[in-house]
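Structure, as structure tokens:
In what follows, chains carry the letters A, B, and so on, assigned in the order in which the sequence lines appear, proteins first and then strands, with residues in each chain numbered from 1.
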Amino acid sequence: MIERLKGFRDFYPEDMIVREHIFNIMRKSAKLFGFMPIDYPSLESMDLFRTKSGEELLSQTYSFIDRGKREITMIPEATPSTVRLLGAKKNIPKPVKWYCIPKLWRYEEPQSGRTREHSQFNADIFGDASPVADAEIIGLACETLNGLGLKGSYEVRINHRQIMEKILDSLGTKNITEGLNIIDRFRKESREKMIENLSGNLSSTDNAERLMDFISGKVQASKADERIREFFPNIPFEQFSENMNETISALEAWDYNDIVYDPATVRGLTYYTGIVFEGFDKEGKYRSIFGGGRYDKLSSIITGQELAAVGFGMGDAVLENLLREKNLWKAEAARNRYIIITIAEEAQKFSLKLAGNLRARGIEAATSNTHKNLSNSLRSATANWYTHAIIIGKKEMESGKVTVRNLSTGEQKETDTSGIN
RNA sequence: GCCGGGUUGGGGUAGUGGGUAUCCUUGGGGACUGUGGAUCCCCGGACCCGGGUUCAAUUCCCGGACCCGGCCCCA
């Protein structure tokens, strides 16, 4: 018996019903905001990731040398490929809004909410530096979660990289990237350890404590300015906070609530240049549901041309954790699925003909071909996700009507075949 | 890469240094002439892998694989 690879998942129909439903909500939401679908290969040249992310990330990928001695990587993230597509067709009029649901791979120890292969819903806007574009990206993430029934179960934590940089600057940071990395560990380290680390990065322990107090408080997004000014009255952050406030007010106008300003959200990646955000379940039990931000400089690394960009990624694993917990890991059959069960030899031909007619009308119709008794056929039909059984025996042959049984309620009615839909 | 806990038919389990390895369920076949989504009968199917200790290992020891969780990292 050959076993499945470590960290990979099999999906049976009962899960695929739900997964298809989820992916459909993602696509539908993306379209509502005017995004167009793209797709790209699962394999890319290793260099695509080397330039952007460095050797550390590469060590956590599935990579190999192909027969032509090329270094190949199974894509671990979506953004580089997306940017590559854009760079390969430079005359596309901007802005563009693209989405994709690729499979991604990472060679790491599996743990809760993280597998070696996962699907990730990605959406990006290129060539639009406005705060409304930021809002559209965050709004799309919210729209998707709301569409899945998670409204009220999650919060979006937002922050602005440049505001944090200004603050770090004013506190005498020795190294901004290192400072951000320390802040990023806020929810993993003790206060003492945080103060110690920040003291090493900033000009004084007083400053470290002030920053620690600042990042320890999440506030409603509309109160962000107030919060920042309270702690750092003399820092000229207005230019960036105006930007962030426009994003926030757009989200409010569209009725996406549950947005909080969280100074501890900075995200690990160095390439973010503006707003950054992460979605979490409200209880904070799981890893982030989605995350993203503005990355206006990344494109120049890959295509040699600078281009405003903002985007997010939403993995399927944490989403599944949360949906299962909220009892939302289910999907109603989008359409009726019929199985035709015959209980009289002479009904066989009629049954096949009926199946053909129904299919020609766009109705999903299968026939039961194994000649079990009715009880067993009904049981098997339910186990195979049919919504209705059409029962045909002598009685039906004589009356010219068929019996349609709803397999979930057990309700039954007689009808003309034209009444089936 | 590191740390902790696990692993007995497809799923859930009982048990044991020695005999044909327990029970439920699922699956397959049959009976049953139209819905009791049943019932009855029959059948198939497991000690994760390798090494060690021992007369004898599914059981004890060591290593590995995989699963669950955590660290690192986070796309």
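Proximity note for A:Glu109 (side chain, C-beta onward) versus B:rA75, B:rG70, B:rA38: the nearest is B:rG70. Distance from the side chain of A:Glu77 is smallest to B:rA75 among B:rU35, B:rA75, B:rC67. For A:Gln111, the listed nucleotide lying nearest its side chain is B:rC72; candidates were B:rG34, B:rC74, B:rC72. Side-chain proximity of A:Glu108 to B:rG34, B:rA75, B:rC2: nearest is B:rA75.
Here the options are A:Glu143, A:Lys31, A:Met314, A:His21, the test is side-chain contact (heavy atoms from CB on, under 4.5 Å), and the partner is A:Met26; only A:Met314 passes. Each of A:Lys193, A:Arg187, A:Arg185 was compared with A:Glu189 under the side-chain hydrogen bond (donor to acceptor under 3.5 Å, both in side chains) criterion, and only A:Arg185 meets it. With A:Thr403 as the fixed residue, the side-chain hydrogen bond (donor to acceptor under 3.5 Å, both in side chains) test singles out one of A:Gln412, A:Glu396, A:Lys395: A:Glu396.
In this structure, A:Tyr286 atom OH and B:rC68 atom C1' are separated by 14 Å, rounded to whole Å. In this structure, NZ of A:Lys401 is placed 22 Å from P of B:rG34, rounded to the nearest angstrom. Remark: P of B:rC67 and NZ of A:Lys6 are 6 Å apart, rounded to the nearest angstrom.
In this structure, A:Gly113 reaches neither bases nor backbone, as no heavy-atom distance under 4.0 Å exists between it and the strands shown. Counting non-hydrogen atoms under 4.0 angstrom, A:Leu407 reaches a base of the nucleic acid. At the heavy-atom level, A:Glu278 lies nowhere under 4.0 Å from the strands shown. A:Ser112 comes within contact range of the sugar-phosphate backbone alone, with a heavy-atom separation under 4.0 Å but no base atom that close. Residue A:Asn406 is in base contact, counting any heavy-atom pair closer than 4.0 Å across all strands shown. Counting any heavy atom pair closer than 4.0 Å across all strands shown, A:Arg267 reaches sugar-phosphate atoms only and no base atom. A:Gly393 comes within 4.0 angstrom of a nucleotide base, judged by non-hydrogen atoms across all strands.
Because its NZ or CZ atom is both nearer than 6.0 Å to the ring centre of A:Tyr107 and within 45° of the ring axis, A:Arg116 counts as a cation-pi partner of that residue.
B:rG36 and B:rG70: their P atoms are spaced 49 Å apart (whole Å).
Closest-nucleotide positions on RNA chain B for A:Asn321 and A:Ile391 were compared, and the one nearer the 5' end corresponds to A:Ile391. Nearer the 5' end of RNA chain B, as judged by each residue's closest nucleotide, is the contact made by A:Ala381, out of A:Ala381 and A:Gly291.
The closest side-chain donor-acceptor pair between A:Tyr272 and A:Asn159, if any, does not fall under 3.5 angstrom. For the residue pair A:Asp15 and A:Trp329, a side-chain donor N or O sits within less than 3.5 Å of a side-chain acceptor on the partner.
Residue A:Arg114 has no polar side-chain atom (N or O) positioned under 4.0 Å from OP1 or OP2 of B:rC74. OP1 or OP2 of B:rC72 sits under 4.0 Å from a side-chain N or O of A:Lys188.
For A:Gln412 and B:rG34, a side-chain-to-base donor-acceptor distance below 3.5 Å is absent, hydrogens and geometry of angles not being considered. No hydrogens or angles were tested; on distance alone, a donor-acceptor pair under 3.5 Å links the side chain of A:Gln60 to the base of B:rA75. Not a single donor-acceptor contact under 3.5 angstrom links the side-chain atoms of A:Arg185 to the base of B:rC73.
Across all strands shown, the partner of B:rU39 is B:rA31, judged by Watson-Crick or G-U wobble contacts whose two distances both fall under 3.5 Å. Across all strands shown, B:rC2 forms a Watson-Crick or G-U wobble pair with B:rG70, both key distances being under 3.5 Å. Shown here, B:rU58 forms no base pair; nothing in the strands shown gives a Watson-Crick or G-U wobble contact with both key distances under 3.5 Å.
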